[in-house]
Amino acid sequence: MSKNNTIKKREPVLMQGNEAIARGALDAGVNFYAGYPITPSTEIAEIFSYELPRRGGKFIQMEDEIASISAIIGGSLAGAKTMTATSGPGFSLMLEGIGFAKMTETPCVVVNVMRGGPSTGLPTKPSQSDIMQARWGGHGDAPAIVLYPNSVMESYELSIRAVNLAEKYRTCVVLLSDEVLAHMRETVNLPDLSKIKIIDRIKPTIPPEWYKHFPENPKYPMPMASFGEGYRFHVTGLSHDEKGFPTNKAKEISRMMERFRKKIEYYIEDIVQIESFFMEDAKIAIFTAGITARAAKEAVMKARKRGIKVGLLRPLTIWPFPDGAVKKYLGDKKAIIVPELNEGQLSHELKRVMGGIWNYEIRKTKNIVELHKNSGELITPEEIFQTIREVK
Amino acid sequence: MPKISQKAIHKYLRHDKNFPHVWCSGCSNGIVLGATIRAIAELGYKKDNIAMVSGIGCSSRMPVYVDFNTLHTLHGRAIAFATGIKIVKPEMKVIVITGDGDATAIGGNHFIHGARRNIDMTVILINNNIYGMTGGQYSPTTPYGDRTTTTPYGNIDPTFDICDLAIGAGATFVARTTAFHAIEAQSFIKQAFEHKGFSLVEIISACPVIYGHLNKKGDASAMMKSMKENVILIEAFEKLSDEQKNGKQKRGIFVNKIRPEYIEEYDKLVRSLQDEKGGE
Ligand SMILES: Cc1ncc(C[n+]2csc(CCOP(=O)(O)OP(=O)(O)O)c2C)c(N)n1
Ligand code: SF4
Ligand SMILES: [Mg+2]
């Protein structure tokens, strides 16, 4: 990482994926970062350690990932916009804390730059095997917002979006990346700061006696007090009522759980982003995300040149899973190819959705073709192209 | 020491819906809560300015009862959460309430690193020698030979001396007292609050309902009496022969020193960068 990375003017620059994530977060207003180094995410911490003290922000390297997620939740409650970054093993350690952030509706962003697993696995190789961990890793029922870019520029944009969504919906948002995306360099043209939409926390204006940190029917974004501002609220990981006090009452607990679910379900249009590439007349579709979507795009172009009608549907929001878009775009396709760097995580979810529309177990004319790789290598455009030819 | 009236204490409690509290009768946790509130009242801290953070355990249930900015976190993680609050809002008075299991078993890592950083916060550690909340399993401070639900044949696991641990890790104010010595506890807590840096007050406490019961220690008052007799001032302790020291513990302020504090160091760094910028 070059030390001289304070961008003064907004002109085209060569940037690494990890750097773009840090830049995006800084532009979105992240002013507190706590983290623990792990390949392939470490550059993000390094950039924050350089930038934050210069901007009046705070950086700390904690003793482990559990401490890191804990510190950013504490920092967020004290009023900061917060982020931490890690990879699979560290993300596993953070899961209890991520659940706490969701339970206590405390905004924060966790970046997971995916590498091969399980365990120490392949620290310097890409993977997409935390797609399910990002959704189902923690205990308890808690919906997730998980974003996954596929370029350096998009890493920047989705980093801003992750911070905005965390603030708006008061939850922990996960930003996925992968080793290749994180370390590759591309020329990016960052927008002027004035052109970026930033969502800041709204401060309550009502008297403290009336303040409820967990109101029943919130509109998002909703006013949120911070510690030290006269509101003196209680925060606990126990099931709680509107004021944050522990409760065992079934009605209050159901209301709380419903709120967690609804704030994702009701606002799904706002949260879900999806790219459709040559899908209009496509007979065959590719469904994938992140780094693998780049190979898929190349394969689509190559196949199109040969007159094969194939398109790509790429979710930028992995969770909540874009059921609606999947049904709309993929319902009438003959086959869907799902290339991914794992043993079938996106395809598993796709089958859940398509099962209902296609009943594909019975209709042998329809087909989901899985293309897996878990060896630390990327899936190549050629491999996807060959698969397209096979299913055509 | 000025007397803080019972009425004054009420000013710091939450009267919403949190009482009656969850603690068993005879439990020392309430005494520690009282001593903590009295120390705060004496110092005249503003309620808005206090963040009380705890982990998980009977002891860690304390924050819900007090009218501060309160955060009941995850088992063992209170000091890490508190670190985030303190860094973001250094002007706040950050108090951590924790137990022997919370702070020195699952949270041992955060405990030693908080002390090492010397980040300005006060940790009040209620040491009842057991995992109270989960029904009485052995903790890193359960004495050798004692019965717990997971040491049915007696404990063979050596114990931590929590104050030694804190000193070794670099804490700059380290004190031990007991729930019996409530006024001394108030005084130590007050001194810890006024100290700049990582301060620890360990309060030997009674869990009569589980630990006391399993080890035939008698009722709450018998356990209090034992604290009075067996946890003695440093000077008195040092005069004892090795044999007499057996079964006794010393109490008092072990360390009270000044060492660069984390937030101050960070601010210094920020200022030096500003100077550097100014020169550009
Ligand atoms: C991650 C996790 N592991 C285990 C538990 C169960 N648990 C709750 S409290 C506790 C022990 C608390 O002991 P201590 O800190 O000494 O507090 P006390 O109840 O004695 O005051 C345990 C093991 C938990 N809540 N979370
Ligand atoms: S179980 Fe022990 S520590 Fe917990 S409230 Fe009862 S007496 Fe106190
Ligand atoms: Mg205990």
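Chain naming here is simple, since letters A, B, ... match the order of the sequence lines and numbering starts at 1 in each.
For A:A34, no part lies near chain B; criterion is any non-hydrogen pair under 4.5 Å. Using a 4.5 Å cut-off between heavy atoms, A:N31 does not touch chain B at all. Interface remark: A:I60 contributes backbone and side-chain atoms alike to the contact with chain B (heavy atom separation under 4.5 Å). When heavy atoms are compared at a cutoff of 4.5 Å, B:R116 does not approach chain A at all. Within the 4.5 angstrom heavy-atom criterion, atoms from both the backbone and the side chain of B:N109 approach chain A. Of the two parts of B:F68, only the backbone, made up of N, CA, C and O, holds a non-hydrogen atom closer than 4.5 Å to a non-hydrogen atom of chain A. For a residue to count as touching a neighbouring chain, one of its non-hydrogen atoms must lie under 4.5 Å from one of that chain's; by this rule A:L77 touches chain B with the side chain only. Looking at B:R271, there are no atoms closer than 4.5 Å to chain A (heavy atoms on both sides), in backbone or side chain. Residue contact with chain A, scored on non-hydrogen atoms closer than 4.5 Å, is absent for B:K86. Heavy atoms of B:I87 lying under 4.5 Å from chain A belong to its backbone as well as its side chain.
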Step by step, work out the side-chain contact (heavy atoms from CB on, under 4.5 Å) result for A:V235 and B:H72. CA-CA 6 Å; A:V235 175; B:H72 177 219; over 6 Å; no
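Between A:S70 and B:A80, the closest heavy-atom pair is CB-CB, 3.6 Å. What you find for A:E63 and B:H113 is that their closest heavy atoms are CB-CD2, 3.4 Å. Considering all non-hydrogen atoms of both residues, B:V88 and A:G79 come closest at CG1-N, 4.5 Å. Of all heavy-atom pairs between B:P90 and A:K58, the closest is CG-NZ, 3.9 Å. What you find for A:H234 and B:P63 is that their closest heavy atoms are CE1-C, 4.2 Å. B:V64 approaches A:P246 most closely through the heavy-atom pair CG2-CD, 3.7 Å.
Annotation: the span from B:H110 atom NE2 to A:M62 atom CE amounts to 7.5 Å, rounded to 0.5 Å. Distance check: B:D67 CG to A:F233 CZ gives 12.5 Å after rounding to the nearest 0.5 Å. One finds the CG atom of B:N69 at 9.5 Å from the OG atom of A:S226 (value rounded to the nearest 0.5 Å). Atom CG in B:L71 sits 9.0 Å away from atom CD1 in A:I73 (nearest 0.5 Å). A distance of 9.5 Å separates CG of B:L74 from OG1 of A:T236, quoted to the nearest 0.5 Å.
Side-chain contact between A:E229 and B:D48 is absent, with no heavy atoms from C-beta onward closer than 4.5 Å. Residues A:R232 and B:V66 have side chains not in contact (no heavy-atom distance under 4.5 Å, counting atoms from C-beta outward).
Atom NE2 of A:H139 is surrounded by 12 or fewer heavy atoms from other residues, nucleotides or ligands within 6.0 Å. Atom NZ of A:K212 sits in a sparse spot, with 12 or fewer heavy atoms from other residues, nucleotides or ligands closer than 6.0 Å. The neighbour count for A:K203 NZ, taken as heavy atoms of other residues, nucleotides or ligands under 6.0 Å away, is above 12. Within a 6.0 Å sphere centred on NZ of B:K47, other residues, nucleotides and ligands contribute more than 12 heavy atoms. No more than 12 heavy-atom neighbours from other residues, nucleotides or ligands sit within 6.0 angstrom of OH on A:Y36.
Remark: the backbone N or O of A:F227 is paired with a side-chain donor or acceptor of B:K89 at under 3.5 angstrom.
No other option in A:G244, A:G230, A:A80 has as many heavy-atom pairs under 4.5 Å with chain B as A:G230.
Checked against the 6.0 Å centroid threshold, A:F100 and B:F81 count as a close aromatic pair.
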